**Q** 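I am attaching a structure below and will ask some questions about it afterwards.
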Amino acid sequence: MHIVKRRGWEIAESQVTAEHLVVNRRSVLSGAAGLGTIGLGMMAAGGSALAQGASPAAASPGAVARNPKFEAGRALTDEKFATTYNNYYEFGESKNVWREAQKLKQRPWAIQIDGMVKQARTIDIDDLLKQVQVEERVYRHRCVEAWAMTVPWMGFPLSQLVALAEPLSAAKYLVFETAQDKATMKGLASPFYSWPYVEGLAIDEAMNDLAFLSTGLYGKPLQGQNGGPIRLTVPWKYGFKGAKSLARITFTDKRPKTFWEGLQSREYGFWANVNPAVSHPRWSQSRERLLGDDEMVPTQIYNGYGDFVAGLYTDRKSEKLFM
Ligand code: MTE
């Protein structure tokens with residue numbers, strides 16, 4: 001018999017609304033000042049003159065303008081909830097990993113860009129941030145566990161990184177691989193999971209206006225627990241698509257097997273678009289609990305971003321688009 005071990009988000013439906021938040025004292029550490037050692041994903045960027053500095057975006061968050069195009073239509077979640085109630089399995093299965101995750105050292109940090117590109121390279125995050133236009137966007141975030149938040153990310157459109165990477169015309173997918181820092185990420189020792197955490201997007205999804213690489217939150221550098229120094233943010237999909245602390249982005253013509261798909265393909269697929277009418281095999285997705293006051297509100301298809309993304313899927317109707 002196949003025994004399925006339950007992960008943190010694989011809770012029974014009865015527990016989805018009953019779960020109480022564990023709110024801790026807000027962190028005062030900046031995302032760039034954690035302790036710890038350089039992990040495997042951080043590559044050899046040790047010689048960078050910018051190595052210990054905060055990114056330009058992080059250094060002057062006040063200068064980052066909010067893009068009014070992405071009005072979220074509901075109140076912002078209080079920062080303390082978004083930064084103390086997290087999923088980051090490399091640091092453990094609990095929601096309360098923020099202290100541990102802040103130990104992830106965020107500088108130096110390099111991202112490997114490879115696969116079907118004109119020229120593979122490793123780019124230091126601060127060098128990358130000099131080549132993109134950073135802005136703020138308020139997005140709704142919907143976890144497959146049925147909790148949700150509304151937060152102001154700072155970062156830049158993923159399409160700008162795709163342009164810098166110069167993919168070959170045959171490239172069809174992007175694969176996102178996240179950092180593996182054995183010194184701070186105790187969850188990596190778990191034999192149950194197949195690390196690294198891997199996510200993927202089709203290239204047209206990556207070029208969509210909404211697809212974003214986040215480097216800040218609430219006007220501050222992104223803290224470790226939220227995926228600092230750089231994470232994927234795709235608000236029309238379930239939160240697990242938003243791979244944290246990116247170490248490598250690979251362009252390929254083959255659809256990757258993602259982290260959760262590899263563990264339980266019956267429950268988690270590649271596309272993972274939000275849809276209230278398609279239940280998770282063990283609980284409903286029709287409503288969501290807003291972090292903070294725990295109000296339950298109806299979930300919207302594509303998390304309410306259908307105007308931006310529905311067209312991506314008209315020719316993909318035969319795919320399992322919603323989980
Ligand atoms: N990225 C990595 N590397 N490891 C993870 O465990 N969890 C995912 C996603 N990205 C995860 C990850 C899940 S399940 C969710 S819901 C979001 O991160 C949570 O993001 P947040 O903690 O910033 O709210």
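In this chain, numbering begins with 1 at the start of the sequence shown. Predicted model, so just to flag it, every value in this text is computed and none were measured. In each ligand, atom 1 is the first atom listed, and ligand 1 is the first ligand listed.
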**Q** Does M149 come within less than 4.0 Å of ligand 1, judged by its heavy atoms?
**A**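 It does; at least one heavy atom falls under 4.0 Å.
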
**Q** Taking both backbone and side-chain atoms of Y85, is any N or O found less than 3.5 Å from an N or O belonging to ligand 1?
**A**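 Looking only at distances, the answer is no, because the N/O contact criterion of under 3.5 Å is not met.
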
**Q** Tell me whether the rings of Y268 and F240 are parallel (<30°), tilted (30 to 60°) or perpendicular (>60°).
**A**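 Aromatic pair Y268/F240 classed perpendicular.
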
**Q** Look at the aromatic rings of Y313 and Y302 and report parallel, tilted or perpendicular, splitting at 30° and 60°.
**A**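 The rings of Y313 and Y302 lie parallel, inter-plane angle below 30°.
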
**Q** I'd like to know if G227 contacts ligand 1, where contact means a heavy-atom distance under 4.0 Å to any ligand atom.
**A**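 False for this residue.
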
**Q** Measure from NZ or CZ of K241 to the centre of the six-membered ring of F270, then state whether that distance is under 6.0 Å and the direction lies within 45° of the axis.
**A**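 That pair qualifies as a cation-pi contact.
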
**Q** May I ask you to say whether E261 pairs ionically with R255, meaning some side-chain N is under 4.0 Å from a carboxylate O?
**A**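 Judged by the 4.0 Å cut-off on N to carboxylate O distance, E261 and R255 do not form a salt bridge.
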
**Q** Give the single entry among Y193, W260, W195, Y197 that approaches atom 5 (C) of ligand 1 most closely by any heavy atom.
**A**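 Looking at heavy atoms only, Y197 sits closest to atom 5 (C) of ligand 1.
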
**Q** Any carboxylate oxygen within less than 4.0 angstrom of a Lys/Arg side-chain nitrogen, looking at D127 and R121?
**A**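 R121 and D127: not salt-bridged.
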
**Q** Out of all atoms in ligand 1, which are within 4.0 Å of some heavy atom of C143? Include the element for each.
**A**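 Selected atoms, number and element: 16 (S).
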
**Q** Do the side chains of L128 and L246 join up, straight or via other hydrophobic residues, at under 4.5 Å, putting them in one cluster?
**A**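 They do share one cluster, since a chain of ILVMFWY contacts under 4.5 Å joins L128 to L246.
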
**Q** Do the charged groups of K105 and D181 touch, with an N to O distance under 4.0 Å?
**A**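 The answer is no: the pair does not qualify as a salt bridge.
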
**Q** Is W147 close to ligand 1, meaning an N/O of one under 3.5 Å from an N/O of the other?
**A**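 No.
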
**Q** Do the side chains of D294 and R289 get close enough for a salt bridge, i.e. N-O under 4.0 angstrom?
**A**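 Between R289 and D294 there is a salt bridge, with a charged N closer than 4.0 Å to a carboxylate O.
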
**Q** Which of these, L164, V162, L161, L174, sits in a side chain to side chain contact (heavy atoms under 4.5 Å, CB included) with I113?
**A**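 The single option meeting the side chain to side chain contact (heavy atoms under 4.5 Å, CB included) with I113 is L161.
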
**Q** Closest by any non-hydrogen atom to atom 21 (P) of ligand 1: pick that one out of K244, E145, Q225.
**A**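 Shortest heavy-atom distance from atom 21 (P) of ligand 1: K244.
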
**Q** For Y89, counting its heavy atoms only, list the atoms of ligand 1 lying under 4.0 Å from any of them.
**A**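 Here the atoms of ligand 1 in question are 5 (C), 6 (O).
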
**Q** So for ligand 1, is W153 a polar contact partner (N or O within less than 3.5 Å, distance only)?
**A**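 No, no N or O pair falls under 3.5 Å.
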
**Q** Who gets closest to atom 17 (C) of ligand 1 by heavy atom: G239, P196, G187?
**A**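 Residue with the shortest heavy-atom distance to the ligand atom: G239.
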
**Q** Please confirm whether R231 approaches ligand 1 to less than 4.0 Å, judged on its heavy atoms.
**A**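 Heavy atoms of R231 do come under 4.0 Å of ligand 1.
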
**Q** If you measure from CG on L210 to CZ on R137, what distance do you get to the nearest 0.5 Å?
**A**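 Answer rounded to 0.5 Å: 7.0 Å.
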
**Q** Under 4.0 angstrom from ligand 1, any heavy atom of H141?
**A**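 Heavy atoms of H141 do come under 4.0 Å of ligand 1.
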
**Q** How does T178 reach ligand 1, by side chain, by backbone, by both or by neither, if only non-hydrogen atoms under 4.0 Å count?
**A**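 Within the 4.0 Å criterion, T178 contacts ligand 1 through side-chain atoms alone.
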
**Q** In ligand 1, which numbered atoms sit nearer than 4.0 Å to a non-hydrogen atom of N86?
**A**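 That gives atoms 21 (P), 22 (O), 23 (O) of ligand 1.
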
**Q** Considering distance alone, does some N or O of G242 sit under 3.5 Å from an N or O of ligand 1?
**A**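 So ligand 1 has an N or O lying under 3.5 Å from an N or O of G242.
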
